[in-house]
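Below is one structure, written out as structure tokens; comments come after it.
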Amino acid sequence: MSGCSDEGKSSWPELVGVNGEAAAAVIMEENPKVGAVIVKEGMMVTMDFRCDRVRVWVDKCGIVKEIPHIG
């Protein structure tokens with residue numbers, strides 16, 4: 001995936017629609033090489049690609065709205 005080698009699991013489509021905090025915990029359990037960062041919809045973020053980061057985009061109720069993936 002985009003220059004990352006041996007990154008393990010890289011996306012979590014099954015987490016769309018669940019609580020963001022719970023999703024972040026699942027991500028870090030399933031791939032200890034990444035850190036999950038919860039981001040509210042509409043927030044500004046950097047556009048850099050990082051092999052050790054997964055952004056968990058949530059709505060105002062804290063529910064995951066996009067497929068979390070490494071980047």
Side-chain angles (χ1 to χ4, degrees):
M1 156 170 252
S2 296
C4 299
S5 61
D6 190 32
E7 73 271 357
K9 187 169 181 178
S10 61
S11 68
W12 290 263
E14 70 276 12
L15 296 178
V16 172
V18 304
N19 175 276
E21 295 286 340
V26 168
I27 290 166
M28 291 187 290
E29 181 178 321
E30 291 187 356
N31 187 343
K33 296 179 182 179
V34 301
V37 180
I38 296 175
V39 184
K40 293 181 181 174
E41 280 184 320
M43 286 184 63
M44 301 278 293
V45 295
T46 60
M47 297 303 294
D48 61 321
F49 183 91
R50 291 184 43 188
C51 296
D52 64 347
R53 175 181 63 209
V54 175
R55 289 190 175 124
V56 181
W57 291 91
V58 298
D59 65 11
K60 63 182 178 182
C61 297
I63 303 301
V64 179
K65 300 313 278 181
E66 297 181 23
I67 296 173
H69 58 86
I70 287 178

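Count residues from 1 along the sequence. FYI, side chains are in, hydrogens and waters are out, and symmetry mates aren't considered; it's all heavy atoms of this structure.
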Residue pair Ala23 / Leu15: nearest heavy atoms and the distance that separates them: O-CD1, 3.7 Å

For residues 12-21, which residue pairs qualify under side-chain hydrogen bond (donor to acceptor under 3.5 Å, both in side chains), counting only residues two or more places apart or in two chains? Lys9-Glu14, Trp12-Glu30

Where the side chain of Arg53 meets the backbone of Gly71, is there a donor-acceptor pair that is under 3.5 Å apart? yes

Looking at Gly20 and Val64, what are the two nearest heavy atoms and their distance? CA-CG2, 3.9 Å

Distance check, rounded to the nearest 0.5 Å: Ile27 atom CD1 versus Ser11 atom OG? 9.5 Å

On a heavy-atom basis, the closest approach of Pro68 and Val54 is CB-CG1, 3.7 Å

Just jot down the side chain to side chain contact (heavy atoms under 4.5 Å, CB included) partners of Glu41, sequence neighbours excluded, or say none. Asp59, Lys65

Stepwise, does the side-chain contact (heavy atoms from CB on, under 4.5 Å) test hold for Ile63 with Val58? CA-CA 5 Å; Ile63 303 301; Val58 298; 5.9 Å; no

Those residues at least two apart in sequence (or on a different chain) that pass side chain to side chain contact (heavy atoms under 4.5 Å, CB included) with Val39 are Val37, Met43, Val45, Arg55, Trp57

Taking the side chain as C-beta and beyond, is there a heavy-atom pair between Val26 and Val18 under 4.5 Å? no

